[in-house]
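Structure record follows, encoded as structure tokens.
In what follows, every chain begins at residue 1, and chains take the letters A, B, ... in the order their sequences are listed.
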Amino acid sequence: MLVLTLPDGSTREVAPGTPARDVVATIGERLLRAAIAVSVNGETLDLGTPLRTGGSFRVFTERDAESLAVLRHSGAHILATAVRRLRPDARIGFGPAIDDGFYYDFGVDKPFTPEDVEAFEAEMKKVIAEKYPFVREEIDRAEANKRFVDDPLKLERIADLGADEVISTYTDGPFIDLCRGPHVPDTSYLKHFKLLHTAGAYWRGDEKRPMLQRIYATAFWKKEDLDGYLFRIEEAKRRDHRVLGKTLDLFLFSQVSPGSAFWTERGTIIYNELTEFVRERQREHFLEIKTPLLYNKSLWETSGHWGKYRENMFLIHNKETEELDSSLKPMNCPSHYVLYSAKKHSYRELPKRFVTFDVLHRNELTGALSGLTRVRQFQQDDCHVFLMESQIAPEVQFLMDFILGYYETFGLTAKLKFATRPEVRVGDDAMWDRAEQALEAALKSTGKAYELKAGDGAFYGPKIDFDVEDSLGRAWQLGTIQLDYAAPERFDLQYTSEDNTAHRPVVIHRAVSGSFERFIAILIEHFAGAFPVWLSPEQVRVLPIADDLAPVAEEITKKMKAAGIRAHLDARSDTLNYRIREGEMMKVPYMAVVGKREAEAGTIAVRERGQGKKQEIVSVDAFIARVVDEVRTRALPLKVEAAG
RNA sequence: GCUGACGUAGCUCAAUUGGCAGAGCAGCUGAUUUGUAAUCAGCAGGUUGUGAGUUCGAUUCUCACCGUCAGCUCCA
């Protein structure tokens, strides 16, 4: 008999081979109706699966995240069912659930058209209405080869299965698929779904193998969730930094230098404000340096980049030797080590923190380039800390506070990930023990939740990654704190200790924004282009109502500029409505309207971005004081425009 | 890099089966003097991404190159 332990501690004894459904039935009638799948010892099984092992037993309903993956996986089968009906020639590949939905790969001679996809979606609705049960069957290898004789991709998969693995199939109506499961009980469970787009995908991700046609889709239990998801996709499109970058006139790209942004005078203000902000925050405890962009290959040989990273470096041709023997730097670290090594360092100087905003170049694959988020030329707020091993814990804590405080300025929250030793690594276990303990202790001391990513560390040391979530709930990996024991060896870094002997420092790599380029892309999307006042390229637009008020408006504009405000006069002879519309579309935070009444009273009518007709009559001086204060405190907009 | 789609005025987009390349916005000129999201009129704007080819004729068809976008990791 198998013994199953329920979450409340009670147990059930059942004969091996009993379907999970029968166990759920003993718990409760309502639960049985709500059940989607079960978990036995952490493995998700569907209700029809015969139980083989005992152990902890849980029932998943719609409320559990696990059952959404089950639904989506069933959605993939329903998609394949529909595709097979309309295109019997399609060979079936894989169809898993993914983070935001599911996909299915098909081998077809001609790619699917958007019309095909619409037809598939309509056909899926029929399959759902027909309410086919998902029937699991366990078969032997010979039988499996027979059943999938027309599906070469499946036969290949069967051949890869280990001798002791259970081979199972799932059938829903006319469609049978080799599948481990689990699945929802029948096709009618899929109610709210949407086919999203198609794309080519190599069979098993290998570019040497045939290209399949992948159909991406998503599904949810509730209509609201599906609608919300589709809305977020639309909202993300509306906020796309590549679109806003153009309409707000911030940056552009040109064929003459793919992957490298041209920053307009407006975008450059944002770029400079950000760097200035970082510079200001780093003034006290960091040492800003500048190092060359171009290096002989000898540096990259020392660092190891020449062997491992050359593909991604821009190499420079040497006229005399006819060789590609130098390169633009793709990272700052080696140049920082050179500068550090140029002098003897006392233990009293440590930790020593070098920071740089130097330009970096990485020769990314053309297909990888995407707006500002994946570029070939960029700047990081890059820091390398040289310190004694005993200083790791307080230093990590210091850096964490620094990074989290930075994100707070933008209303961004970060999730922390702690990545520990990977299988391939340098250094002995004792070193890794010390490093991981120091990092984890610092993490714990912040009191913040963090996720453990065992084995995900760099080969040279463990790290903490900062995943930042924007106003649409999308995660971006930005900051990082990485311990590095390998670089000090390679570069023979030293410091002189109290007893006058040479010692090896440890290096910490720290980035906060990731790159300014990518960070600005995230800010554009996060704020939907409506930047806080301190970052806005244009902070105030002054609008005289009629031409004869232009001189007064000009005086007001001058006064604002004298106070350091980025104010512009718009005295064009277009209507006020027209000029206001343009100011709103350019997301200028404040418009100061000057009419006859205001001119006489020394006031302005302030219109705040996104607040419509609501206006406020204030004195010019009071308004200037207010804007200057908002800039000084780097105040966030009253409400960051939420999705909607 | 690979697969697919796409590339037309500064921007967003049109252009039957191959037959003189258009519109809105932006720009310029003029009129209008405006009270909180588009005043009116006129003008100008292009070797249709680049280069070959097919054709009497190519934005349209073919090929190559450049670029953009979606993917190429989430395993029956």
Taking only the C1' atom of each, what is the distance from B:U59 to B:G22 in whole angstrom? 12 Å
For A:Tyr450, is the NZ or CZ atom of A:Lys463 found under 6.0 angstrom from the centre of its six-membered ring and inside 45 degrees of the ring axis? no
Take the angle between the ring planes of A:Phe251 and A:His241 and call it parallel below 30°, perpendicular above 60°, tilted in between. tilted
Point-to-point distance, once rounded to the nearest 0.5 Å, from CD1 of A:Ile78 to NE2 of A:His73: 11.0 Å
Rounded to whole angstroms, how far apart are CG on A:Leu365 and C1' on B:C69? 16 Å
Taking the six-membered ring of A:Phe175, is the NZ or CZ of A:Arg84 close enough (under 6.0 Å from the centre) and on axis enough (within 45°)? no
Grab the OH-C1' distance between A:Tyr103 and B:C72 for me, whole Å please. 10 Å
Under 4.0 angstrom, heavy atoms only, what part of the nucleic acid is A:Gly101 near: base, sugar-phosphate, or nothing? nothing
Short side-chain N/O contact to B:C75 OP1/OP2 from A:Arg157, under 4.0 Å: no
Taking CD1 from A:Ile98 and C1' from B:A70, how many angstroms apart are they, rounded to a whole number? 13 Å
Readout for nucleotides 27-40 of chain B: B = base within 4.0 Å of protein heavy atom, S = sugar-phosphate only, - = neither; 5' to 3' it is S----BBBBBBBB-
Roughly how far apart, to the nearest Å, are B:A37 and B:A31 at atom P? 27 Å
Expressed in whole Å, how much space separates the P atoms belonging to B:A5 and B:A23? 32 Å
Same-atom distance (C1') from B:C43 to B:U47, integer angstrom: 23 Å
Separation of the C1' atoms in B:U12 and B:U73, to the nearest angstrom: 35 Å
From CG of A:Asp100 over to P of B:G71, roughly how many Å is that when rounded to an integer? 11 Å
Note: for A:Gly95 and A:Ser370 on RNA chain B, the residue whose nearest nucleotide lies more 5' is A:Ser370
Close approaches to RNA chain B from residues 134-148 of chain A, in residue order (heavy atom, under 4.0 Å): none
If I take atom CZ in residue A:Phe94 and atom P in nucleotide B:G71, what distance separates them, rounded to the nearest angstrom? 21 Å
N/O (side chain, A:Tyr216) to phosphate O (OP1/OP2, B:C72) under 4.0 Å: yes
Given side chain to side chain contact (heavy atoms under 4.5 Å, CB included), test A:Asn41 with A:Thr53 step by step and report yes or no. CA-CA 9 Å; A:Asn41 285 330; A:Thr53 57; 4.3 Å; yes
For the side chain of A:Pro258, counting heavy atoms from C-beta on, which of B:C75, B:G67, B:C11 is nearest? B:G67
When the ring planes of A:His77 and A:His183 are compared, do they come out parallel, tilted or perpendicular, using 30° and 60° as the limits? perpendicular
Taking the P atom of each, how far is B:G1 from B:G45, in whole Å? 38 Å
Quick check for you: to the nearest 0.5 Å, what is the distance between A:Asp46 atom CG and A:Arg180 atom CZ? 12.5 Å
If you write RNA chain B from 5' to 3' in dot-bracket form, with Watson-Crick or G-U pairs under 3.5 Å, [ ] for crossing pairs and | for pairs with another strand, what do you get? (((((((..((((.....[..)))).(((((.......))))).....(((((..]....))))))))))))....
One should read off an interatomic distance between A:Leu244 CG and A:Arg239 CZ, to the nearest 0.5 angstrom, of 9.0 Å
Looking at CZ of A:Phe314 and OG of A:Ser327, how far apart are the two atoms once the value is rounded to the nearest 0.5 Å? 9.5 Å
For B:U55 versus B:U50, give the span between their P atoms, rounded off to a whole number of Å. 23 Å
Rounded to the nearest angstrom, tell me the gap between atom CG in A:Leu153 and atom C1' in B:C75. 13 Å
Distance from A:Trp476 atom CH2 to A:Asp467 atom CG, nearest 0.5 Å? 11.5 Å
Taking the C1' atom of each, how far is B:A14 from B:G46, in whole Å? 15 Å
Would you kindly give the CZ-to-C1' distance between A:Arg374 and B:U73, to the nearest whole Å? 13 Å
How about A:Tyr104 and A:Phe106: are their ring centres within less than 6.0 Å of each other? yes
Find the distance A:Arg214:CZ to B:A5:P and express it as a whole number of Å. 18 Å
Please find out if less than 6.0 Å separates the ring center of A:Tyr229 from that of A:Phe220. yes
Look at A:Arg242 and B:A70 and indicate whether a side-chain polar atom (N or O) is within less than 4.0 Å of OP1 or OP2. yes
Gap between atom CZ of A:Arg609 and atom CD of A:Gln539 - 0.5 Å precision: 10.5 Å
